[in-house]
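This structure is a prediction, so every number in the text was calculated from the model and none was measured.
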Amino acid sequence: SSYYEPIIEASLIKTNNYKYPIYGKPSDLITVNLENFNEKFKGEKITGRLENATLIPYYSREEIEYNGAIKNKTKPLAWFKSAADVMDLHTQGSGILKLPDGKYIKAKYASTNSLKFKGWMTALLESGLMTRAELNVDSAKKFLDSHPELERKILSQNKRYTFFKLEENSDITIGPQGTYGYSIVAERSIAIDNSIIPFGTLA
């Protein structure tokens, strides 16, 4: 699910300008609803993969982006101009892609690897590459775009990786979907921990 949908320039084919991909859900990624095994895990899900008949954590961002871990398990859906644009989409969970021909399509959340999330701008701060006074969305993106040699060091600190599906004929004026599958409504929809507050509770 997503809180808002950024509009990001993208291409459905790789070019010199568009070279940073997003991917569909890999064929070996398994989702487990833990509530089905123990009610104390109500509302909790994990994802992983099988290795020697054992479910283990799925590949990290480092393994996916830089070690080719999912090369034969899925294909790129779209390509972006900047790694920061990809990270924005990964963080929000869905977005609107503006294609070179002016057409708009949606990239919608499909799954994640369920590993620990760490914001890439937080990584910039903690690595001492930028100060809090210098840091904002525009300055952080400019820094990342102008220091490709540091991209792996910065982005790999966020182990979480998001996978998408494209929806070409969707109405882009309709907001992103929440967990129930209904569109988020401004000033009405709220985020909850459904292990504490059941879905559908009046608020």
Side-chain angles (χ1 to χ4, degrees), residues 1-6 21-78 86-96 106-123 125-126 154-167 170 174-203:
S1 63
S2 175
Y3 293 106
Y4 88 102
E5 290 181 323
I22 59 169
Y23 292 95
K25 183 179 177 180
S27 58
D28 63 339
L29 184 124
I30 297 170
T31 300
V32 179
N33 187 342
L34 294 178
E35 185 178 352
N36 293 340
F37 295 86
N38 191 321
E39 62 184 16
K40 75 178 182 180
F41 297 117
K42 185 177 181 180
E44 293 189 35
K45 294 181 180 180
I46 61 170
T47 54
R49 60 188 177 90
L50 289 177
E51 187 172 284
N52 298 323
T54 300
L55 184 69
I56 63 173
Y58 203 71
Y59 300 109
S60 68
R61 180 175 298 276
E62 169 84 12
E63 293 170 307
I64 292 170
E65 291 277 31
Y66 303 106
N67 296 337
I70 62 171
K71 184 177 181 181
N72 299 316
K73 300 173 177 67
T74 187
K75 293 181 179 180
L77 298 177
V86 173
M87 295 301 287
D88 191 15
L89 191 62
H90 278 219
T91 300
Q92 295 307 320
S94 67
I96 298 169
K106 281 196 175 186
K108 304 183 79 171
Y109 174 90
S111 188
T112 76
N113 60 0
S114 296
L115 298 183
K116 186 176 180 180
F117 173 86
K118 184 175 190 176
W120 66 277
M121 289 195 290
T122 299
L125 283 176
E126 293 181 355
I154 297 165
L155 302 188
S156 292
Q157 292 184 51
N158 180 14
K159 296 181 180 180
R160 177 78 59 86
Y161 202 90
T162 305
F163 302 102
F164 299 91
K165 54 189 174 184
L166 297 185
E167 192 172 280
S170 59
I174 297 176
Q177 287 184 352
T179 304
Y180 255 150
Y182 298 112
S183 295
I184 298 295
V185 180
E187 299 182 10
R188 291 293 180 270
S189 300
I190 60 173
I192 62 167
D193 180 344
N194 73 316
S195 67
I196 300 172
I197 303 173
F199 285 137
T201 300
L202 294 177

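Nearest heavy-atom pair, Glu35 versus Gly43, reported as atom, atom and distance to 0.1 Å: OE1-N, 3.1 Å. Considering every non-hydrogen atom in both Tyr161 and Asn113, the closest pair reads N-OD1, 2.9 Å. Nearest approach of Met87 to Asn158, heavy atoms of both residues: CE-ND2, 3.6 Å. Across all non-hydrogen atoms, the minimal contact from Pro21 to Tyr23 is CG-OH, 3.6 Å. Looking at every heavy atom in both residues, Trp120 comes nearest to Ile154 through O-CG2, 3.7 Å. The two atoms that bring Pro6 and Asp88 nearest to each other are CB-OD2, 3.7 Å, heavy atoms only.
Considering only heavy atoms from C-beta on, Tyr66 comes within 4.5 Å of Ser156 through its side chain. Side-chain contact between Glu126 and Lys118: present, with at least one pair of heavy atoms (C-beta onward) separated by less than 4.5 Å. With a 4.5 Å cut-off on side-chain heavy atoms, Phe163 and Leu77 do not count as touching. In this structure, Asn67 and Glu62 have side chains that are in contact, with non-hydrogen atoms separated by less than 4.5 Å.
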side-chain contact (heavy atoms from CB on, under 4.5 Å) between Thr122 and Phe117, worked out: CA-CA 11 Å; Thr122 299; Phe117 173 86; over 6 Å; no
Full working for salt bridge (Lys or Arg N to Asp or Glu O under 4.0 Å) between Glu167 and Lys108: CA-CA 7 Å; Glu167 192 172 280; Lys108 304 183 79 171; 3.3 Å; yes
CA sep, side-chain torsions, deciding dist, call: Thr47, Ile30, side-chain contact (heavy atoms from CB on, under 4.5 Å): CA-CA 5 Å; Thr47 54; Ile30 297 170; over 6 Å; no
side-chain contact (heavy atoms from CB on, under 4.5 Å) between Asp28 and Leu50, intermediate numbers included: CA-CA 8 Å; Asp28 63 339; Leu50 289 177; over 6 Å; no
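Arg61 has no carboxylate O lying under 4.0 Å from a charged side-chain N of Glu63, or vice versa, which leaves the two without a salt bridge.
Panel note: side chain Thr162, backbone Thr112; no donor-acceptor pair is recorded below 3.5 Å. Side-chain atoms of Glu5 do not come within 3.5 Å of backbone N or O of Ser94 as any donor-acceptor pair.
The CG atom of Asn33 lies 10.0 Å from the CD atom of Glu44; values are rounded to the nearest 0.5 Å. A distance of 3.5 Å separates CZ of Arg49 from OH of Tyr59, quoted to the nearest 0.5 Å. Rounded to the nearest 0.5 Å, atoms CG (Asn36) and NZ (Lys45) are 9.0 Å apart. Rounded to the nearest 0.5 Å, atoms OG (Ser60) and NZ (Lys116) are 14.0 Å apart.
Scanning for salt bridge (charged side-chain N to carboxylate O under 4.0 Å, His left out) contacts around Glu39 gives an empty result, with sequence neighbours left out. Every residue meeting the ring pair (Phe, Tyr, Trp, His ring centres under 6.0 Å) condition with Phe164, not counting sequence neighbours, appears here in chain and number order: His90.
Of the residues Thr31, Ile70, Thr74, the one that meets the side-chain contact (heavy atoms from CB on, under 4.5 Å) test with Lys25 is Thr31.
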